[in-house]
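In what follows, a structure is listed as structure tokens, so that the remarks can point back to it.
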Amino acid sequence: MNTAKIHASFGFSQKLLVLALMAAFGPAHADDDEVTALISPDVASVTAGAGHVSGNSQDRSLFGQYSGWAEHDNALLLDFRYIKREEETGTWTRGEGLNLGQDDRELSFSQEKQGDWKLALDYSELVHRDPRTINTGLLGAGTTSPTVSPLSATGTGNDLNLELRRKAFNLAGSKWITPNLSFEASFRNEDKDGARSFGIGGYTPGGVTASTVAALYLVPEPVNSTTRQFEARLHYFGDKFSLTGGYNGSFYNNANSTMTVNGIDADAFASSTLTLALPPDNQAHQLYLSGTYALQPTTHANFKLAYTHASQNQGFGSLGAGSLDGVLDTTLAQVGLSARPMPKLSLTANLRYEDRNDKTALGNYLV
């Protein structure tokens with residue numbers, strides 16, 4: 001009987017010991033799994049489906065002006081995600097696709113070796129559809145030579161739906177040259193194509209009063225432009241001192257320099273031709289240098305120097321004296337000091353100098 005009691009007591013104690021060990025070590029194993037999943041993930045997932053919206057396109061014009069639901073009743077819903085880390089080399093590979101079956105699709109890929117190099121590629125598309133439907137007699141809408149024609153009555157023209165498409169491509173990379181020195185570079189190219197709401201005034205020399213605006217032509221602006229941006233910079237990181245120097249360039253090119261509107265004057269009821277300059281080509285180049293220095297653990301000084309040369313040298317067709325030949329040089333210098341002498345007290349001081357030198361020649365652009 002005493003033996004039985006001893007065995008029963010031992011068995012009960014053993015069970016409590018096992019439960020106690022599970023309670024103590026169970027969460028630790030769970031945490032280890034989460035940490036392992038973050039350090040060495042191996043994710044490959046695809047999400048696919050179909051979407052449907054009800055109602056007519058006019059009801060969804062505002063809601064779907066960027067997503068594409070204003071024009072499409074049905075769409076493919078397709079996303080994917082891929083993440084992998086090679087344990088031997090410490091190389092990460094990532095890939096992601098969002099909204100691949102819709103107009104606002106995005107696609108990205110990157111690969112990097114921790115503490116050594118990184119390369120990233122991105123591509124995206126976006127379509128903006130104007131939520132307003134325009135009923136007009138305009139011919140050649142969205143071109144550089146539209147023709148305005150008056151309507152016999154409101155609503156007797158053709159329905160016009162404007163849209164603007166954007167396609168952007170990004171390339172970026174970085175490389176650690178030494179433990180304290182790294183290099184980064186990026187390039188972005190964005191194309192725009194389509195038409196957007198716009199308007200110009202119609203001057204009528206033979207109208208009520210000479211050179212007065214007698215009509216407002218709601219003529220869409222034709223868009224066919226490319227914007228490119230490039231940046232390269234060097235970073236140095238020391239124990240107390242850090243320094244960044246680089247170049248930033250921006251280039252805008254518009255394939256449409258002017259727009260010529262042919263039409264009928266509202267007052268004079270005579271043929272008229274109006275020529276309008278569209279946004280001209282331009283570019284800007286900037287060199288900069290910035291840095292910080294830790295005077296004390298709670299006191300830091302910083303500075304920035306930058307020089308920017310911006311120019312615009314595209315002709316305006318038959319308008320005015322030709323090219324604006326615009327030049328703007330900007331010099332910037334800034335120094336600052338921040339300190340925290342007490343846990344609840346912070347002090348900041350900044351001094352900024354900026355000089356803008358507009359070298360654009362004055363000219364008469366009103367014919």
Side-chain angles (χ1 to χ4, degrees), residues 46-51 53 57 60-82 93-111 118-134 140-144 146 160-174 184-198 219-232 247-259 278-285 312 314:
V46 176
T47 304
V53 291
S57 59
R60 305 189 303 267
S61 60
L62 187 60
F63 159 74
Q65 59 179 316
Y66 287 101
S67 63
W69 288 112
E71 182 174 335
H72 307 296
D73 296 335
N74 305 293
L76 172 65
L77 307 180
L78 179 62
D79 301 334
F80 78 87
R81 187 184 184 199
Y82 176 83
T93 303
R94 298 180 177 90
E96 187 175 36
L98 300 175
N99 303 327
L100 298 183
Q102 297 170 270
D103 292 339
D104 54 343
R105 58 184 61 88
E106 299 179 19
L107 189 63
S108 63
F109 171 82
S110 67
Q111 194 171 51
K118 181 178 181 180
L119 179 65
L121 300 170
D122 297 286
Y123 175 79
S124 62
E125 293 183 15
L126 185 64
V127 181
H128 176 240
R129 294 179 173 85
D130 196 310
R132 295 168 291 271
T133 297
I134 303 171
T143 69
T144 57
L160 176 64
N161 297 100
L162 302 177
E163 66 178 35
L164 184 63
R165 294 181 176 271
R166 302 184 183 188
K167 296 181 180 179
F169 170 78
N170 297 277
L171 174 63
S174 63
E184 295 181 11
S186 63
F187 172 76
R188 175 181 174 84
N189 185 93
E190 182 178 271
D191 295 321
K192 294 182 182 179
D193 184 56
R196 57 188 166 199
S197 296
F198 195 60
V219 181
E221 176 192 355
V223 178
N224 185 7
S225 64
T226 300
T227 302
R228 296 183 177 92
Q229 292 178 293
F230 175 76
E231 185 173 8
Y247 163 80
N248 197 337
S250 175
F251 309 86
Y252 174 80
N253 177 262
N254 191 352
N256 301 325
S257 59
T258 60
M259 177 173 61
L278 298 176
D281 296 351
N282 59 79
Q283 55 183 278
H285 308 269
Q312 183 274 301
Q314 181 191 5

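Looking only at distances, no side-chain donor or acceptor of D79 sits under 3.5 Å from a matching main-chain atom of L77. The main-chain N or O of V223 is never found under 3.5 Å from a side-chain atom of E221 such that the two would form a donor-acceptor pair.
The shortest side-chain heavy-atom distance between R165 and V127 falls under the 4.5 Å cut-off. Using a 4.5 Å cut-off on side-chain heavy atoms (C-beta onward), L171 and L119 make contact. In this structure, P220 and L160 have side chains that are in contact, with non-hydrogen atoms separated by less than 4.5 Å.
The nearest pair of heavy atoms linking L278 to P222 is CD1-CG, 4.0 Å. Nearest approach of N254 to D281, heavy atoms of both residues: N-OD1, 2.6 Å. Among all heavy-atom pairs drawn from A75 and G101, the shortest one is CB-O, 4.4 Å.
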Checklist entry - Going through the checks in order, is the side-chain contact (heavy atoms from CB on, under 4.5 Å) test met by E231 and N248? => result CA-CA 4 Å; E231 185 173 8; N248 197 337; 4.1 Å; yes
Checklist entry - Should F198 and V219 be marked as a side-chain contact (heavy atoms from CB on, under 4.5 Å) after you check the CA-CA gap, both sets of side-chain angles, and the distance that decides it? => result CA-CA 6 Å; F198 195 60; V219 181; 5.7 Å; no
Next on the checklist: Under the criterion side-chain hydrogen bond (donor to acceptor under 3.5 Å, both in side chains), I'd like the reasoning laid out for S250 against Q229: C-alpha separation, chi angles, the key distance, then a yes or no.
Outcome noted: CA-CA 5 Å; S250 175; Q229 292 178 293; 4.7 Å; no
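The aromatic rings of H285 and F251 lie perpendicular to each other, with more than 60° between the two planes, well past the 30° mark.
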Compile the donor-acceptor pairs under 3.5 Å between side chains in residues 102-109 and protein atoms, sequence neighbours left out, one pair per line.
residue	atom	partner	partner atom	Å
D103	OD2	R129	NH1	2.9
D103	OD2	R129	NH2	3.1
R105	NE	L100	O	3.3
R105	NE	Q102	O	3.2
R105	NH1	E125	OE1	2.7
R105	NH2	Q102	O	2.7

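Between R94 and E96 there is no salt bridge, since none of the side-chain N atoms of the basic residue sits less than 4.0 Å from a carboxylate O of the acidic one.
Summarising the geometry, atom OG belonging to S225 is positioned 8.5 Å from atom CG belonging to D193; distances are rounded to the nearest 0.5 Å. In this structure, OG1 on T47 lies 11.0 Å from CZ on F80, to the nearest 0.5 angstrom. To the nearest 0.5 Å, the span separating CD on E190 from OG1 on T226 amounts to 9.5 Å. T227 contributes atom OG1, which lies 6.0 Å from atom NZ of K192 (distance to the nearest 0.5 angstrom). With rounding to the nearest 0.5 angstrom, the CG atom of N224 is 8.5 Å from the CG atom of N253. With values rounded to the nearest 0.5 angstrom, S197 atom OG is found 10.5 Å from L164 atom CG.
Side chains of N161 and T133: a donor on one and an acceptor on the other come within 3.5 Å.
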